[in-house]
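Numbers restart at 1 for each chain; the letters A, B, ... are given by sequence-line order, proteins then strands. Please read all numbers here as calculations on a predicted model, not as lab measurements.
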Amino acid sequence: MAHEAIQAELSRVLAEMGAHEAEVQLERPRDPTHGDVATNVALTLARSLKRSPREIADELAAGLDLVRAGVEAVEVAGPGFLNFRLASGAVASVLGDILAQDERYGRSDVGAGRVVMVEFVSANPTGPLHLGHGRQAALGDAIASLLDWTGWSVSREFYYNDSGRQMELLARSVRARYRQMLGKNEPVPDDGYQGEYVKDVAESLVEEVGDRYVEDDSAEALDAVRAHAVRMLRAEQDRDLADFRVRFDHHFLESSLYEEGRVDRTIQSLKDTGLVYEKDDAIWLETSRFGDQKDRVMVRGNGQPTYFLPDVAYHMTKWERGFQRVINVQGSDHHGTVDRVRAGLQALGLPAGYPEYVLHQMVRVEKEGEEVKFSKRAGSGMTLRELYEEVGVDVTRYFFQMRKPDAHLLFDMDVALDQSDKNPVYKVQYAHARMCAIFRKAKLDPNELTSGDADLAMLGHELERELVKELADFPGAVERAAREASPHVLCDYLEQTAGAANSWYHAGNPSRNPELAVLTDDADLRAARLALARGVQVVLRNGLTVLGIDAPDEMIRDEPEDEDA
RNA sequence: GCGCCUGUAGCUCAGCUGGAUAGAGCAUCGGCCUUCUAAGCCGGCGGUCGCAGGUUCGAGUCCUGCCAGGCGCGCCA
């Protein structure tokens with residue numbers, strides 16, 4: 001690649017100038033008049049070399065020998081940037097790599113096969129998944145996929161609590177509905193679950209056991225109701241996720257921590273550290289020694305552990321299962337627990353900063369300018385399923401991924417339902433479909449296309465050069481999105497690349513501009529441009545695949561129904 | 001009161017370790033269909049980067065203080 005040759009040559013000349021350890025960053029200038037590749041190394045070295053940036057840049061430019069790297073011109077610009085203009089062949093050579101690597105183009109090995117766990121969704125089985133879970137599902141799945149693409153060995157995990165107070169409340173709510181169905185007047189508890197789905201659970205309970213629990217107030221009976229509700233609601237969540245194209249490698253039950261004695265053992269381990277003390281009948285851990293705002297109670301005065309303890313016990317199992325790197329995807333309303341869980345783990349000898357967290361802000365849905373709030377089924381906010389059944393899985397996933405997790409997300413239903421390029425998902429998918437259309441028209445199977453003997457140097461037009469450079473940026477975009485655990489980086493990249501592809505495609509409309517058409521009579525030009533079309537197709541398809549979104553071969557619009565019949 | 005996140009064009013948002021005249025989409029205005037699908041493309045309009053200081057050759061980006069919004073601060077999970 002030209003980049004490596006330029007980098008090496010810059011390092012060589014810099015060493016002659018006395019800057020041996022200088023780190024050289026190459027970038028693609030926004031403005032094409034600034035060349036194909038640029039570096040600000042002269043600016044960054046000005047201080048240490050005690051010379052003006054322009055002077056350093058001039059000396060570098062004079063000393064560089066870049067003919068073999070395919071550089072046609074070097075110029076010093078602005079405050080001291082070095083701009084390189086490449087020969088067309090050097091720019092387009094990346095297409096050979098793209099076509100050869102095909103579905104692997106964009107993958108890298110920075111993870112070197114190390115294991116990483118991504119824990120996400122982790123909803124308790126008290127009802128249908130809501131939009132916050134949806135954002136987590138889309139983000140967590142994409143982050144896991146990005147890590148996979150960058151060479152990590154990824155495990156997706158779902159953690160849930162199947163016992164405890166909320167579960168008991170759920171059981172009481174179901175039991176009340178169940179008894180109502182069988183003619184007994186028993187109200188749902190005031191702080192219980194009010195959604196329609198509770199009636200569905202109660203109904204299936206009637207089918208399964210008849211009136212067995214109508215008069216039975218025993219703990220065993222309530223336990224059986226709880227178990228039935230958990231089974232039903234877990235199954236519903238699994239369906240919601242499966243239809244959203246999200247799957248997990250492992251589900252972890254909080255109850256197993258108690259059954260296996262892990263909570264008790266964690267208490268003992270923490271006591272053994274000597275960082276534990278008694279106050280007001282409770283047992284406290286000195287979490288403030290590890291950056292928490294204050295110490296935390298781990299065992300209450302009544303002898304019951306606080307939730308903090310199973311959290312620590314659970315994360316210890318992650319470490320013990322060999323996951324030296326863990327990313328937890330959670331709503332930002334959980335951020336208060338981050339410091340204390342880490343502190344508990346540090347007390348037990350785990351490294352600071354374990355685990356990592358991606359905390360996302362809340363989701364707001366708007367339709368025709370009005371906020372959509374209510375779901376009858378959930379008894380509260382809109383459910384994930386209600387959303388994606390209305391606008392589609394591809395659109396829902398993309399919208400959840402296209403904003404950085406830190407930002408509040410406005411989900412605009414009017415844009416989501418729009419089937420034009422106003423909708424960024426369709427913009428990207430349609431650019432892909434356009435490339436497919438070219439191959440259909442040419443009666444070629446794109447999968448059998450190689451850059452082979454195509455003369456890629458013929459791709460000299462500005463639109464072609466820009467598009468090729470855009471394609472060359474794909475692996476970097478994947479790598480950065482993975483490093484920052486930020487799928488939106490890839491969304492931005494795909495929208496920009498789709499825009500460049502659309503510009504090129506339309507400039508080559510045969511009726512207007514035959515000299516830029518792909519399917520031209522000039523066989524050599526045609527081969528080179530087919531390679532470019534294939535490159536676009538591969539990059540867009542791979543990018544969408546990383547995000548778990550379809551890359552259709554053709555776009556079929558829903559026809560509006562006849563309104564004036 | 002304390003902590004975390006956010007504040008960039010009318011709207012929704014990008015802006016990687018501080019670097020070239022601050023970008024995109026939508027909205028709005030003006031052009032372009034005998035097509036490799038116009039579900040599109042080209043161009044125009046539009047910004048005191050919340051406010052005030054500071055560091056720097058250079059600040060949307062770093063530091064300090066303030067203002068506004070969201071979330072969290074329990075022997076609840």
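Listed by chain and residue number, nothing satisfies the ring pair (Phe, Tyr, Trp, His ring centres under 6.0 Å) test with F84(A) (two or more places apart in sequence, or in another chain). The ring pair (Phe, Tyr, Trp, His ring centres under 6.0 Å) check on H360(A) picks up nothing, with sequence neighbours excluded. Residues satisfying the ring pair (Phe, Tyr, Trp, His ring centres under 6.0 Å) test with H34(A), not counting sequence neighbours, are none. In this structure, the ring pair (Phe, Tyr, Trp, His ring centres under 6.0 Å) partners of Y354(A), at least two apart in sequence or on a different chain, are W319(A). In this structure, D311(A) has no side chain to side chain donor-acceptor pair (under 3.5 Å) partners at least two apart in sequence or on a different chain.
Here the options are Y258(A), F252(A), Y160(A), the test is ring-ring contact (aromatic ring centres under 6.0 Å, His included), and the partner is Y314(A); only F252(A) passes.
Using a 4.0 Å heavy-atom criterion, one finds that F439(A) contacts no nucleic acid atom at all.
Listed by first then second residue, pairs satisfying salt bridge (Lys or Arg N to Asp or Glu O under 4.0 Å) with a partner in residues 395-411 of chain A read D141(A)-R397(A), not counting sequence neighbours.
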Decide yes or no on side chain to side chain donor-acceptor pair (under 3.5 Å) for T150(A) and E479(A), but give the supporting numbers first. CA-CA 6 Å; T150(A) 49; E479(A) 202 270 318; over 6 Å; no
Watson-Crick or G-U pairs under 3.5 Å in RNA chain B, rendered as dot-bracket with [ ] for crossing pairs and | for another strand: (((((((..((((.....[...)))).(((((.......))))).....(((((..]....))))))))))))....
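In this structure, R165(A) is not positioned above the aromatic face of Y307(A) in the sense of NZ or CZ being under 6.0 Å from the six-membered ring centre and within 45° of the axis.
Side-chain contact between V41(A) and T44(A) is present, with at least one heavy-atom pair separated by less than 4.5 Å. By the 4.5 Å heavy-atom criterion applied to side chains, L516(A) and R529(A) are counted as neighbours.
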Close N/O contacts between protein and nucleotides 17-19 of chain B (under 3.5 Å):
residue : atom : partner : partner atom : Å
rG19(B) : O6   : L43(A)  : O            : 3.2

Could you pull out the protein-nucleic contacts involving nucleotides 75-77 of chain B (nitrogen or oxygen on both sides, under 3.5 Å)?
residue : atom : partner : partner atom : Å
rC75(B) : O2   : G301(A) : N            : 2.5
rC75(B) : N3   : D280(A) : O            : 3.4
rC75(B) : N4   : D280(A) : O            : 2.3
rC76(B) : OP2  : R300(A) : NE           : 3.1
rC76(B) : OP2  : R300(A) : NH1          : 2.4
rA77(B) : OP1  : R300(A) : NH2          : 2.8
rA77(B) : O3'  : N161(A) : ND2          : 3.1
rA77(B) : N6   : Y307(A) : OH           : 3.0

Under 3.5 Å between N/O atoms: give me all the protein pairs with nucleotides 3-5 of chain B, atom names plus distance.
residue : atom : partner : partner atom : Å
rG3(B)  : O4'  : Q293(A) : NE2          : 3.3
rG3(B)  : N2   : H335(A) : NE2          : 2.5
rC5(B)  : O2'  : Q361(A) : NE2          : 3.1
rC5(B)  : O2'  : D406(A) : O            : 3.0

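R480(A) has a side-chain polar atom (N or O) that falls below the 4.0 Å cut-off from OP1 or OP2 of rG15(B). In this structure, H488(A) reaches the rG15(B) phosphate: one of its side-chain N or O atoms is under 4.0 Å from OP1 or OP2.
Sparse packing is recorded around CD of E370(A), with 12 or fewer heavy atoms of other residues, nucleotides or ligands lying under 6.0 Å away.
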Each nucleotide of nucleotides 21-30 of chain B classed B (base within 4.0 Å of a protein heavy atom), S (only sugar-phosphate) or -, in 5' to 3' order, makes B---SSS---
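Shown for residues 397-404 of chain A: residues whose heavy atoms fall under 4.0 angstrom of RNA chain B, namely R403(A), K404(A).
The glycosidic torsion of rC29(B) lies more than 90° away from 0, which places this base in the anti conformation.
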